[in-house]
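What follows is a single structure, written as structure tokens, with notes after it.
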Amino acid sequence: MKDAFAFPMHSASRFQRRVLGWYQRNKRELPWRDNRDPYRIWISEIMLQQTRVKIVLPYYRKFLTRFPDLRSVASAEENEVVSCWSGLGYYRRARELHRAARQISTQGGEFPREFSRILELPGVGRYTAGAIASIAFDARHPVVDGNVRRLFSRYFGKLFSETVCWQLADSLLPKRQVGDYNQALMEIGARICRPKKPLCPACPLVQDCQTRGRPLPGLQRPVTPQAQTMVLLALNREEKFWLELRDSSQRILKNLWCFPMEYGQVGTGELRRRLLRRFGLRSAAQAGSFKHSIMQTRFHSSVVVASFRGKPPGKGVWVAMENLNQFPHSSIVEKAFALLTPCE
DNA sequence: GAGCCGTGGCT
DNA sequence: TAGCCAAGGCT
């Protein structure tokens with residue numbers, strides 16, 4: 001069975017030539033492709049985990065302006081790093097990035113060059129280590145991400161296990177230009193061999209592709225969306241609003257600042273009553289509502305506002321809109337704040 | 001190994 | 001419009 005993935009040399013090199021040729025003609029200009037600074041490539045790879053290039057770009061620029069090098073991240077507080085990440089999602093990435101920066105700085109401050117040492121960094125798995133090693137240091141390591149897995153599956157007309165994908169990627173790896181080749185494979189996957197309606201006529205690999213646009217059963221992952229209700233309470237005191245730090249026992253948005261919040265599979269009225277009880281309030285005004293999805297849950301969120309005097313129970317701070325960026329928060333908070341500010 | 005963690009552009 | 005799904009890693 002193993003032999004099924006040992007390619008004749010000529011077809012492997014043809015595959016590589018086509019991939020690299022396409023890349024040469026079509027590669028996008030991206031800020032992390034300006035040079036081979038491992039720090040810049042590392043940041044890009046962490047941000048790009050489960051996140052599209054288009055979304056990452058503004059965050060990447062902002063992050064590099066605020067934290068231009070490894071040392072600036074290591075010397076910053078975790079909160080500053082996570083604040084800069086607010087809105088990007090998967091906030092653990094930011095915390096682990098900060099931990100990794102400190103880890104590197106205690107080990108001399110030089111970004112590790114060895115694959116195995118890169119792999120030891122928090123938040124860096126096999127994919128990310130391979131990406132950094134190959135792109136920044138031209139080390140001969142493959143990458144397998146969602147794009148590569150989909151491209152391989154279609155190209156060979158078969159759904160491969162994770163393990164086989166890595167073997168495949170390894171056996172197809174060129175001797176040189178490994179970083180370009182890895183990026184090329186992913187970019188072809190993202191832009192040509194995309195999940196739906198692949199652009200086969202534009203694909204450099206279509207000639208030997210086993211499916212050529214024909215659907216491959218089982219390629220899509222099953223999802224079971226679920227709807228829930230959410231209510232956010234905006235306590236108001238002198239142009240400021242009360243934000244709580246969600247503790248680490250929370251399921252979602254842990255260690256982030258948020259309006260007092262209740263959610264579940266119950267009605268808005270019940271959630272609102274719970275919130276009012278918590279703060280000893282008799283009533284609150286409806287400020288508006290919005291939709292927000294976290295993972296496979298669609299939240300129908302409404303915001304209620306009430307003025308408050310004195311100190312609310314629990315741990316929190318009064319925050320003015322213009323200081324929100326000092327507190328790591330989800331985009332839920334942004335959406336809620338937008339409802340509280342009269343538009344002009 | 002499966003479940004879990006955010007978000008919003010795209011179709 | 002609304003669902004789909006992304007340059008994964010950790011537990």
Side-chain angles (χ1 to χ4, degrees), chain A residues 23 27-28 30-33 40-60 82 85-97 99-100 118-136 141-151 161-163 165-166 169 179-191 193-199 219-227 230 246 248 250-256 258 290-301 328-335:
Chain A
Y23 191 63
K27 70 181 276 197
R28 288 174 289 191
L30 298 171
W32 48 88
R33 289 179 179 167
R40 294 170 58 93
I41 291 163
W42 171 49
I43 301 298
S44 78
E45 287 302 335
I46 300 298
M47 284 193 170
L48 285 164
Q49 288 171 5
Q50 298 291 285
T51 313
R52 289 182 227 285
V53 168
K54 180 81 179 292
I55 311 282
V56 163
L57 281 171
Y59 285 92
Y60 184 80
V82 183
W85 205 271
S86 288
L88 237 197
Y90 286 130
Y91 297 96
R92 189 171 61 185
R93 293 182 296 178
R95 302 183 202 283
E96 285 171 334
L97 188 145
R99 267 210 297 148
I118 300 173
L119 191 57
E120 289 170 6
L121 299 172
V124 173
R126 190 176 179 182
Y127 160 80
T128 305
I132 297 171
S134 64
I135 299 169
H141 290 277
V143 295
V144 173
D145 71 337
N147 291 313
V148 174
R149 199 173 312 133
R150 183 175 59 252
L151 187 148
S161 70
E162 185 82 4
T163 311
C165 274
W166 281 100
D180 279 352
Y181 169 85
N182 281 339
Q183 293 185 84
L185 217 48
M186 293 190 282
E187 194 161 338
I188 294 170
R191 295 172 58 196
C193 197
R194 50 193 200 181
K196 291 179 175 176
K197 297 182 182 175
L199 304 175
L219 194 57
Q220 271 78 355
R221 45 172 125 150
V223 282
T224 49
Q226 183 202 11
M230 172 184 285
R246 296 171 59 75
S248 43
Q250 304 280 349
R251 192 171 63 86
I252 56 171
L253 308 179
K254 58 183 69 169
N255 301 316
L256 294 173
C258 191
F290 59 87
K291 288 177 183 167
H292 185 86
S293 294
I294 296 182
M295 306 311 298
Q296 287 152 11
T297 308
R298 290 189 312 274
F299 289 103
H300 296 264
S301 316
H329 59 275
S330 149
S331 56
I332 287 182
V333 178
E334 302 267 346
K335 291 179 181 177

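Throughout, a chain's letter reflects where its sequence line sits, starting with A, and its residues are numbered from 1.
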message = If I take atom CD1 in residue A:I252 and atom P in nucleotide B:dC4, what distance separates them, rounded to the nearest angstrom?
response = 12 Å
ask   = Phosphate oxygens OP1/OP2 of B:dG8: is one of them under 4.0 Å from a side-chain N or O of A:S331?
value = yes
query = Quick one: A:R298 CZ to C:dT1 P, roughly how many Å, whole number?
reply = 15 Å
Protein-nucleotide distance (A:Q250, atom CD; B:dC4, atom P), rounded to Å = 16 Å
ask   = Taking atom C1' in both C:dG9 and B:dG1, what distance in whole Å separates the two?
value = 14 Å
message = Just the rounded figure in Å: distance from P of B:dG3 to CD of A:Q296.
response = 10 Å
message = How many whole angstroms separate atom CD of A:E162 from atom P of B:dA2?
response = 11 Å
Test side-chain hydrogen bond (donor to acceptor under 3.5 Å, both in side chains) applied to A:R149 - qualifying residues, sequence neighbours left out = A:E162
inquiry  = What is the distance, to the nearest angstrom, from the CZ atom on A:F299 to the C1' atom on B:dG6?
reply    = 11 Å
query = Of all residues at least two apart in sequence or in a different chain, which pass the side-chain hydrogen bond (donor to acceptor under 3.5 Å, both in side chains) check with A:N147?
reply = A:D145, A:R150
task = Search all heavy atoms of A:V144 against all heavy atoms of A:W166 and return the closest pair with its distance.
result = N-CH2, 3.4 Å
query = Does A:H292 place a side-chain N or O at less than 4.0 Å from the phosphate oxygens OP1/OP2 of B:dG6?
reply = no
query = Which value, in whole Å, describes the distance between the P atoms of nucleotides C:dA7 and B:dC4?
reply = 23 Å
note = With sequence neighbours left out, the residues meeting ring-ring contact (aromatic ring centres under 6.0 Å, His included) with A:Y90 are none
query = Along nucleotides 6-11 of chain C, 5' to 3', which nucleotides get a B, which get an S, and which get a -, given that the test is a protein heavy-atom distance under 4.0 Å?
reply = BBBBS-
request  = Quick one: list whatever passes ring-ring contact (aromatic ring centres under 6.0 Å, His included) with A:Y59, sequence neighbours left out.
outcome  = none
query = Does A:K54 have a side-chain nitrogen or oxygen under 4.0 Å from the phosphate oxygens OP1 or OP2 of B:dG8?
reply = no
Which side-chain N or O atoms in residues 121-133 of chain A pair as donor and acceptor under 3.5 Å with protein atoms at least two apart or in another chain?
unit_1, atom_1, unit_2, atom_2, d
A:Y127, OH, A:E45, OE1, 2.7
A:T128, OG1, A:Q49, NE2, 3.1

remark   = Rounded to whole Å, CG of A:L219 lies from P of C:dC4 at a distance of 15 Å
query = Which is true for A:R194 with a 4.0 Å heavy-atom rule: it touches a base, it touches only sugar-phosphate, or it touches nothing?
reply = sugar-phosphate
request  = Give a yes or no on whether the backbone of A:E187 and the side-chain of A:R28 come within a donor-acceptor separation of less than 3.5 Å.
outcome  = no
task = Determine which bases of DNA chain C form Watson-Crick or G-U wobble pairs with both distances under 3.5 Å, and write the result as a 5' to 3' dot-bracket string with | for other-strand partners.
result = .|||||.||||
request  = Please work out if A:I55 contacts a base, only the sugar-phosphate, or nothing of the nucleic acid, heavy-atom cut-off 4.0 Å.
outcome  = sugar-phosphate
key: Residues which pass side-chain hydrogen bond (donor to acceptor under 3.5 Å, both in side chains) with A:Q250, listed by chain and number, not counting sequence neighbours   = A:R246
remark   = With sequence neighbours left out, the residues meeting ring-ring contact (aromatic ring centres under 6.0 Å, His included) with A:H329 are none
task = Show your working on side chain to side chain contact (heavy atoms under 4.5 Å, CB included) between A:V143 and A:L185 and close with a plain yes or no.
result = CA-CA 9 Å; A:V143 295; A:L185 217 48; 6.0 Å; no
note = When rounded to whole Å, the CE to P distance for the pair A:M47 and B:dG8 reads 14 Å
